[in-house]
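Note sheet for the following structure.
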Amino acid sequence: QLQLVESGGGLVQPGGSLRLSCAASGGTLDMYTIGWFRQAPGKEREGVACIPYRGTTTNYADSVKGRFTISRDNAKNMVYLQMNSLKPEDTAVYYCAADWLGICSLVGGKARYNYWGQGTQVTVSS
């Protein structure tokens, strides 16, 4: 059973940066498409970025394009989300999720991605 653990969240000032990490155990990530999702209080969970199990065509939500970068290191069984130029509206709990041989999609949520981490809190505030 694949297990995912996010880390790297915290409190950062507007304009700052954070790098989130998603560590996998119980399996290898090389056959999984990985998505990052976030959920702010009172809002629905939304897809932020995804990276396919094969190839390099990533996908980003319009709200984070040019500021966030998703990457993976299969040798380390890790996926990362580099977040730059953070804004208060980026405040949310961030989750990584895995989909076996899946397409890189920001929609579908738990209907598409079978494995989820517990989330890490990101707070952007001065």
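Using modelled atom types, one side-chain atom of Glu6 and one backbone atom of Cys96 make a donor-acceptor pair closer than 3.5 Å.
We find the CD-CG distance between Gln82 and Leu18 to be 8.5 Å, quoted to the nearest 0.5 Å. Atoms CG and OG1, from Asn84 and Thr69 in turn, are 6.5 Å apart once rounded to the nearest 0.5 Å. Rounding to the nearest 0.5 angstrom, the gap separating the CG atom in Asp99 from the SG atom in Cys50 is 10.0 Å. With values rounded to the nearest 0.5 angstrom, Tyr94 atom OH is found 15.0 Å from Ser7 atom OG. Atom CD1 of Ile70 is separated from atom CG of Asn59 by 9.5 Å, given to the nearest 0.5 angstrom. Going from atom CE of Met31 over to atom CH2 of Trp100 covers 5.0 Å, rounded to the nearest 0.5 Å.
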Would Leu2 and Leu29 count as a side-chain contact (heavy atoms from CB on, under 4.5 Å) here? Give the steps. CA-CA 9 Å; Leu2 187 71; Leu29 286 181; 4.2 Å; yes
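A salt bridge is defined here as a Lys NZ or Arg NE, NH1 or NH2 lying under 4.0 Å from an Asp or Glu carboxylate O, and Lys87 with Asp90 fails to meet this definition.
For the pair Gln118 and Leu4, the tightest heavy-atom approach, listed with the atom from each and the gap, is OE1-O, 3.8 Å. Gln39 approaches Tyr95 most closely through the heavy-atom pair CB-CE1, 4.3 Å. In this structure, Val79 and Arg72 approach most closely via the heavy-atom pair CG2-CB, 3.9 Å. Ala61 approaches Gly47 most closely through the heavy-atom pair CB-O, 3.5 Å. Tyr32 and Ala98 make their closest contact through CD2-CB, 3.7 Å (heavy atoms, listed as atom of the first residue, atom of the second, distance). Across every non-hydrogen atom of Ala92 and Arg38, the tightest pair is CB-CB, 3.8 Å.
Ile103 and Ile51 fall into different hydrophobic clusters, where Ile, Leu, Val, Met, Phe, Trp and Tyr residues are linked whenever their side-chain heavy atoms come under 4.5 Å apart, directly or through other members. Taken together through direct or relayed side-chain contacts under 4.5 Å among Ile, Leu, Val, Met, Phe, Trp and Tyr, Leu11 and Leu86 form parts of separate hydrophobic clusters. There is a path of hydrophobic side-chain contacts, each under 4.5 Å, that joins Tyr60 to Val48. There is no path of hydrophobic side-chain contacts, each under 4.5 Å, that joins Ile34 to Val107. Both Met83 and Val12 sit in one connected hydrophobic cluster of ILVMFWY residues. Membership requires side-chain heavy atoms under 4.5 Å apart, directly or through other members.
Crowding of Glu44 atom CD: a count of heavy atoms from other residues, nucleotides or ligands under 6.0 Å not exceeding 12.
Using cut-offs of 30° and 60° on the angle between ring planes, the pair Phe37 and Tyr113 is perpendicular.
The hydrophobic cluster containing Tyr80 also includes Met78, under a criterion of side-chain heavy atoms closer than 4.5 Å among ILVMFWY residues, counted directly or through chains of members.
Screening Thr91, Leu81, Leu20, Val93 for a side chain to side chain contact (heavy atoms under 4.5 Å, CB included) with Val122, the sole residue that qualifies is Leu20.
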